[in-house]
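Here the structure is laid out as structure tokens; the discussion comes afterwards.
Residue numbering restarts at 1 for every chain, and letters A, B, ... go by the order of the sequence lines. Since we're looking at a predicted model, the values are computed, not measured.
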There are 2 protein chains.
Amino acid sequence: MLSHWFSRVGSSVPRGFSRHYVLGLLKEQPMTGKEIMDRAIYDSDGKWRPSPGLIYPMLGRLLEDGLIDEVENGRYRTTTSGEDTAADMKSLHNIVQKQLDVMLRVGNVGKFMAFDLIDRVSAIGSALSSNLDRMTEQEKEKYKEFLLAELAKLDEQENINQKVTLEQK
Amino acid sequence: MLSHWFSRVGSSVPRGFSRHYVLGLLKEQPMTGKEIMDRAIYDSDGKWRPSPGLIYPMLGRLLEDGLIDEVENGRYRTTTSGEDTAADMKSLHNIVQKQLDVMLRVGNVGKFMAFDLIDRVSAIGSALSSNLDRMTEQEKEKYKEFLLAELAKLDEQENINQKVTLEQK
DNA sequence: AACACTAATATCACTAGTGACAGTTATATT
DNA sequence: AATATAACTGTCACTAGTGATATTAGTGTT
């Protein structure tokens, strides 16, 4: 099980993710703090249980920053500028990307995480391909390109290894 | 570029990672705070620049918890119990595992489906393939199999579409 | 030896997470 | 209608991050 320390201070989500998540939810429909928390638990299969100490103060900050509005019954909705922030997929992407990058470079993490990542990619991949029919041609093309590029990299690496082996002979 | 907000509050490492990282370093050799910071920058290719406000207070906490000792010239080394903590790969693994899990579940998966997922796969994939040299043969083989299987699915779908088109004629 | 300069260390104010608990509001029961 | 209870909301103390700034220690110059 997780150590006592980690269960106390560890986080289920990367720093900054929840802001995007909440804005994304409130763009669709007005929600209360409780509804947001429940939705997060539901969406994450119980893996992430955002605490009230995160949600309520954050709603206050978002309100102050003019990214959300209070509508009725303590429900909030994103304002126009909030929608822009929510739509900023690039920065959301960066939250994950940046951390993964560092984790894979630093320490012995990369090595022992690679296997795990493969599983993960496979999982996403299968979710993807079970929805192939919903993808546009352009999207499918992009996915295909990615797959081919990865294969090329693998092959290239294999060739290098063979070359090295030959030269050693 | 990253938004002003994210560059201020975003983090390059998941919560709790640095503790493991520092313990891992100090297990090998005694280091000062500055040396730890420089090493992190070097190891991460400049992607992670831990601030003094993280390192020095943390060294203090680790010292209080008896996980590290001060040796000389302001250098610290992990104690025996510190080494145990550093070796606790399972909890380190969990730091990443848990977050990835949640992110993949929670993102706006339903709606964007394809496009967003492709980006995610590409992101993980590129992180992966830049670490190909760290993967074992077995791992690479598995990755390759996955890639080929996905391509096959794409091709298969194309065929179905053509068939449908033909029948409609 | 005194002083300026530089680099390492420490501290501060901040945001974003955590859980625990306090306060408030709504609802149900009698 | 009054009150008990439950649920939602808000706040607190904490750790872990961020950058900026203050303090300290060491070093070189005159």
Side-chain angles (χ1 to χ4, degrees), chain A residues 2-23 31-41 44 47-65 67 70 72-76 91-92 94-95 98-99 102-103 106, chain B residues 2-23 30-41 44 47-65 67 70 72-76 85 91-92 94-95 98-99 102-103 106:
Chain A
L2 291 174
S3 69
H4 174 63
W5 165 76
F6 183 66
S7 66
R8 200 162 37 80
V9 306
S11 171
S12 299
V13 291
R15 208 176 155 85
F17 173 77
S18 59
R19 190 187 175 94
H20 279 272
Y21 177 69
V22 168
L23 284 177
M31 294 173 87
T32 68
K34 186 63 187 346
E35 285 167 349
I36 293 171
M37 290 189 274
D38 288 343
R39 177 64 177 275
I41 296 172
S44 71
K47 299 250 159 97
W48 178 35
R49 306 180 157 272
S51 29
L54 168 64
I55 297 302
Y56 293 105
M58 187 173 61
L59 286 175
R61 281 193 300 271
L62 290 175
L63 211 52
E64 262 189 34
D65 296 351
L67 298 178
E70 195 163 1
E72 31 74 66
N73 298 99
R75 285 195 166 77
Y76 299 88
S91 78
L92 177 54
N94 258 296
I95 291 173
K98 203 177 165 191
Q99 291 197 351
V102 170
M103 299 285 296
V106 161
Chain B
L2 290 173
S3 68
H4 174 63
W5 163 77
F6 184 66
S7 66
R8 200 162 38 81
V9 307
S11 171
S12 299
V13 292
R15 208 177 153 87
F17 174 77
S18 58
R19 188 186 176 97
H20 279 271
Y21 176 69
V22 168
L23 284 176
M31 293 172 89
T32 67
K34 185 63 188 343
E35 286 167 349
I36 293 172
M37 290 190 274
D38 288 341
R39 176 64 178 275
I41 295 172
S44 71
K47 299 251 159 99
W48 179 36
R49 305 178 158 272
S51 29
L54 167 63
I55 298 301
Y56 294 105
M58 187 172 61
L59 286 175
R61 281 193 300 270
L62 291 175
L63 209 54
E64 262 189 33
D65 295 351
L67 298 178
E70 196 163 359
E72 30 76 66
N73 297 99
R75 284 195 166 76
Y76 300 87
T85 310
S91 78
L92 175 55
N94 257 297
I95 290 173
K98 207 176 163 191
Q99 292 197 351
V102 170
M103 299 284 298
V106 155

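Atom CG in A:Leu67 sits roughly 14 Å away from atom P in C:dT15 (whole-Å rounding). Rounding to whole angstrom units, CD1 of residue B:Ile36 and C1' of D:dA16 are separated by 16 Å. Rounded to a whole Å, the CZ atom of B:Phe6 is 16 Å from the P atom of C:dT15. If you measure from atom CZ of A:Arg49 to atom P of C:dT18, you get 12 Å, rounded to the nearest angstrom. A:Met58 places its CE atom 15 Å from the C1' atom of D:dG10, with the value rounded to the nearest Å. Atom P of nucleotide D:dG17 and atom CZ of B:Phe17 are separated by 10 Å, given to the nearest angstrom. Computed from coordinates, the A:Glu35 CD to D:dC8 C1' distance equals 11 Å when rounded to whole Å. Between the CD1 atom of B:Ile55 and the P atom of C:dC12 there is a distance of 18 Å, given to the nearest Å.
Between A:Lys47 and A:Ser12 the shortest heavy-atom distance is O-OG, 3.3 Å. Between B:Gly33 and B:Leu59 the shortest heavy-atom distance is CA-CD1, 4.0 Å.
With values rounded to the nearest 0.5 angstrom, B:Leu67 atom CG is found 4.5 Å from B:Thr85 atom OG1.
With contacts defined as side-chain heavy-atom distances shorter than 4.5 Å, the pair A:Gln99/B:Phe17 does not qualify. Residues B:Lys34 and B:Tyr56 are in side-chain contact: their nearest non-hydrogen atoms beyond the backbone lie under 4.5 Å apart.
Within 4.0 Å of A:Gly33, counting heavy atoms only, lie sugar-phosphate atoms of the nucleic acid but no base atom. Nucleic acid contact for A:Arg15: base, since at least one base atom lies under 4.0 Å from a heavy atom of the residue. Within 4.0 Å of B:Ser11, counting heavy atoms only, lie sugar-phosphate atoms of the nucleic acid but no base atom. The residue B:Gly60 sits apart from the nucleic acid: no heavy atom pair falls under 4.0 Å. In this structure, B:Pro57 reaches the bases: a heavy-atom distance under 4.0 Å links it to at least one base atom across the strands shown.
Look at A:Ser51 and you won't find any side-chain N or O under 4.0 angstrom from OP1 or OP2 of C:dG17. Between C:dA16 and A:Arg61, a contact under 4.0 Å exists linking OP1 or OP2 to a side-chain N or O. OP1 or OP2 of D:dA16 sits under 4.0 Å from a side-chain N or O of A:Trp5. For the pair A:Arg19 and C:dT15, the criterion of a side-chain N or O lying under 4.0 Å from OP1 or OP2 is not met.
For A:Tyr56, taking side-chain heavy atoms from C-beta onward, the closest of the listed nucleotides D:dC8, D:dG17, C:dT18 is D:dC8. Nearest nucleotide to the side chain of A:Thr32, out of D:dA16, C:dA8, D:dT9: D:dT9. With C:dA10, C:dT15, C:dA8 as the choices, the nucleotide that has an atom nearest any side-chain atom of B:Val9 turns out to be C:dT15. Distances from the side chain of A:Trp48 to the nucleotides C:dA16, D:dA20, C:dT18 place C:dT18 closest.
Of the two residues contacting DNA chain C, namely B:Asp38 and B:Leu54, the nearest-nucleotide position lying further toward the 5' end is that of B:Asp38.
Enclosure of atom CZ in B:Arg49 is not indicated, since only 12 or fewer non-hydrogen atoms of other residues, nucleotides or ligands lie within 6.0 angstrom.
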